[in-house]
A.B. asks: 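I am attaching a structure below and will ask some questions about it afterwards.
A, B, ... follow the sequence lines: proteins, then strands. Residue 1 opens every chain. Note: hydrogens, waters and symmetry copies are ignored here, and every other heavy atom, side chains too, is used.
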Amino acid sequence: MIDTTQKKVVSLDKLVQSLEEQVVVKGWVRNKRDSKALVFVELRDGSGFVQAVVSLEDVGQEMFDLAKSLSLETSVIFSGKVVKDERQVGGCELMVDAIQVVQQPAEDYPLGKKAHGVDFLANKRHLWLRSRKQWAIMRIRNRAKYAIHTFFQERGFIQMDAPFFTGNACEGTTTLFETDFYGETAYLSQSGQLYGEAMAMAQGKIYTFGPTFRAEKSKTRRHLSEFWMIEPEMAFYDLDMNMDLIEEFIKYVAADVAEKCVKELEVLERDMSLFDNIKSTFPRITHSEAVKILRGEQEVNGKTTKEILEGDLQAVKDRIAAINEEISSTEAEMAAGGIKKGKLNWMRSKVDKLKNELKEQEEKERNIPQWLESAINFPPGEDFGGSDETVLTRMFGTPVFVYKWPKAIKAFYMKTYEDDPEYVKGVDLLAPEGFGEIVGGAEREDNYDVLLAAIRHHELPEEAFEWYLDLRKYGSVPHAGFGLGFERLIMWLTGVHHIRETIAFPRSYGRLFP
RNA sequence: UCCUCAGUAGCUCAGCUGGUUAGAGCGGCGGACUGUUAAUCCGUAGGUCGUAGGUUCAAGUCCUACCUGGGGAGCCA
């Protein structure tokens, strides 16, 4: 039994500050390697990681055998001396003098050290969260959330909570979850925006930060049934001010995460060029310009979509050739024999990785011509598909604002251009690297008659919008706001290619457990 | 709802135009190794090949339906 009251208990992220001291650490066994007189135990405690070294000479046979018997994810308390070791990631390791097992699992830990498939991991999400990569993502999510609140709080925004139960499908477009509300049909909220507008007329500048629900049977890596959204709403803001705010906001959050989550981004091997690209001014183009760019009628930095995409396609083809070459040469080498087992394993895992990359590249090879086809033949006045967003941001390499949208494809509450009534003052911010639309916003229609006409035109139940129309009746002002998909932002910041990894327990089509 | 790909050991996968008794690595277990970083060596256990039909002398392999999952479309953040 280790007397934790007599010794200094240290969290692993701070361990290096206690060099040459006797300390106690508490955590879980992440991995273990043993030999005749040494056991290496990799520990994690939530704050960080360390390698603990148990030497037979130091601890005696009984405790050494205990160390040897530790299995993955055993919860433990170790005491020992912190020693400097440049070979270790944290710069130090723990020379153990005593071990206490808190709980030793009776069964093998289901998650191995080798890669698993997505379905298996999703079913073991409650355990998957303990792994390094998920640990890093959850910490970045936490930091981003903190940064978002800080950003708005420092600028005088008031946080508000919009209701989850709503009486009507407010924008009338998406499929919502139905529930029973004391005998009445209620829906789970798909957006807090309309309520945010009411609060903005009371508080000036507000933001919501809560869950929203969409019952779309989407099976893509960008969709969730339950996700978190940040929805600021500002009185006396027009579209330009809205875009200024979005840009400042995104830059602030990204810079904060880049500064405060260095370790986490390292674990994720995030390509840090993102955080440089984001420093430049985000281009602002109208929907009509975006269409021209897609169709190849307008160049970006002297290049057309055709030139860029054909270049990308060639690069993909070269990569495929290179992968195939590497796979066959490695396999030939393996078949030739005379290779040590360790090396052979290494080669085998290399081939596995290459084959996976090959599948991805081949998918790209199939996709790019379709993307180009879709871009070049893009019908003016339509909304963008996923590939069009990818193509568009590919042209710039930075986030891009697309504003001034055709009225027909946008929501009823967006303000019409006074001098160009076929267009509305909506704006989307598209993230690069294929992450797609992360922000959707607009200046809201503030004229009572125009808004009422829009509600009727969209055949929405007028009585449900009476209170919303009231906002235009009593002291209506120009106002604007936007919605940021929190998980999409996290995807982009972390570079993970699946939105289901950005939230602790994702809810998506076909996934209710764990 | 539609298109598309997949389901073989606990996990990740191989299994060719159907043809003896179903393969590997990891993990497990037993043993060896004084410094290892999913990556030392030897041995060992582990499978009604998603389900149900069908074709055939013969089905993991071909056909049909269904189930489950991946990716995408639609819709969106």
Side-chain angles (χ1 to χ4, degrees), chain A residues 30-42 49 51-57 71-72 85 87-89 93 95 107-124 131-132 171 173-175 190-191 193 212-231 331 334 340-353 355-356 359-360 362-363 366-367 370 374 383-387 389 409 411 428-431 435-441 482-492 497-500 508-511:
Chain A
R30 216 181 85 75
N31 199 0
K32 184 195 69 180
R33 294 171 286 275
D34 58 73
S35 57
K36 192 170 189 179
L38 280 175
V39 180
F40 300 97
V41 185
E42 246 178 83
F49 306 89
Q51 171 167 282
V53 184
V54 186
S55 160
L56 176 59
E57 211 177 318
S71 54
L72 294 192
D85 191 317
R87 287 169 295 187
Q88 302 309 320
V89 180
E93 61 182 14
M95 292 305 295
E107 291 174 42
D108 295 331
Y109 190 62
L111 268 52
K113 287 178 273 184
K114 220 189 166 185
H116 295 286
V118 272
D119 190 43
F120 178 79
L121 288 171
N123 284 325
K124 297 273 183 287
S131 74
R132 249 165 94 82
E171 294 176 31
T173 49
T174 46
T175 329
Q190 63 154 344
S191 162
Q193 181 205 315
T212 70
F213 310 90
R214 308 264 167 105
E216 290 149 356
K217 293 180 179 175
S218 301
K219 283 171 69 172
T220 82
R221 54 182 88 188
R222 301 189 308 280
H223 287 86
L224 288 169
S225 301
E226 180 187 282
F227 64 98
W228 288 66
M229 196 152 63
I230 299 100
E231 294 183 289
E331 280 180 339
M334 282 160 70
K340 281 210 163 188
K341 204 175 167 193
K343 169 96 173 164
L344 204 61
N345 280 337
W346 183 83
M347 289 165 82
R348 218 187 300 271
S349 90
K350 189 172 93 173
V351 170
D352 275 0
K353 275 184 197 159
K355 281 185 179 171
N356 279 329
K359 277 185 195 165
E360 278 173 37
E362 281 172 345
E363 200 185 324
R366 282 192 301 272
N367 283 338
Q370 289 173 21
S374 151
D383 202 354
F384 301 131
S387 76
E389 290 174 353
I409 57 171
D428 284 358
L429 182 70
L430 308 179
F435 290 104
E437 184 184 343
I438 55 170
V439 172
F482 62 91
L484 171 84
F486 188 51
E487 283 76 18
R488 288 213 182 149
L489 174 73
I490 303 305
M491 257 176 107
W492 178 48
H497 284 275
H498 213 303
I499 199 163
R500 286 171 226 176
S508 59
Y509 182 58
R511 169 70 56 194

A.B. asks: Quick one: on RNA chain B, does A/Ile409 or A/His498 contact a more 5' nucleotide (nearest heavy atom)?
C.D. replies: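 So the residue in question is A/His498.
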A.B. asks: If the P atom of B/G7 is compared with that of B/U17, how far apart are they to the nearest Å?
C.D. replies: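 Roughly 15 Å separates the two P atoms.
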A.B. asks: Is the shortest side-chain heavy-atom distance between A/Ser508 and A/Arg500 below 4.5 Å?
C.D. replies: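 A side-chain contact exists here, since the closest heavy-atom pair is under 4.5 Å.
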A.B. asks: Under a 4.0 Å N-O cut-off, is there an ion pair linking A/Glu42 with A/Arg33?
C.D. replies: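 Salt bridge between A/Glu42 and A/Arg33, a charged N being under 4.0 Å from a carboxylate O: yes.
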A.B. asks: Taking only side-chain nitrogens and oxygens of A/Arg221, does any of them come within less than 4.0 Å of OP1 or OP2 of B/C76?
C.D. replies: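 No, because none of the side-chain N or O atoms of A/Arg221 sits under 4.0 Å from OP1 or OP2 of B/C76.
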A.B. asks: Between A/Arg214 and B/G74, is there a contact of a side-chain N or O with OP1 or OP2 at under 4.0 Å?
C.D. replies: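 It does not, given that no N or O in the side chain of A/Arg214 lies less than 4.0 Å from OP1 or OP2 of B/G74.
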A.B. asks: Considering just the side-chain nitrogens and oxygens of A/Arg500, establish if one lies under 4.0 Å of OP1 or OP2 belonging to B/G70.
C.D. replies: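 Yes, within the criterion.
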A.B. asks: In terms of side-chain heavy atoms of A/Asp119, which of B/C75, B/G35, B/G69 is nearest?
C.D. replies: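 Of the candidates, B/G69 comes closest.
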A.B. asks: So does A/Asp85 reach the base of B/G35 with its side chain, donor to acceptor, closer than 3.5 Å?
C.D. replies: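 Under the 3.5 Å cut-off, the side chain and the base do form a donor-acceptor pair.
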A.B. asks: Is there a donor N/O on one and an acceptor N/O on the other, under 3.5 Å, for the side chain of A/Arg33 and the base of B/C33?
C.D. replies: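 No, the side chain and the base share no sub-3.5 Å donor-acceptor pair.
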A.B. asks: Of A/Arg511 and A/Glu93, whose closest RNA chain B nucleotide lies nearer the 5' terminus?
C.D. replies: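 Closest to the 5' end, via its nearest nucleotide, is A/Glu93.
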A.B. asks: Could you tell me how far B/C42 sits from B/U37 if I compare only their C1' atoms? Round to whole Å.
C.D. replies: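 Going atom to atom, C1' in each nucleotide, I get 23 Å.
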A.B. asks: Identify, with sequence neighbours excluded, every residue that meets side-chain hydrogen bond (donor to acceptor under 3.5 Å, both in side chains) alongside A/Asn123.
C.D. replies: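 So A/Asn123 forms a side-chain hydrogen bond (donor to acceptor under 3.5 Å, both in side chains) with A/Arg511.
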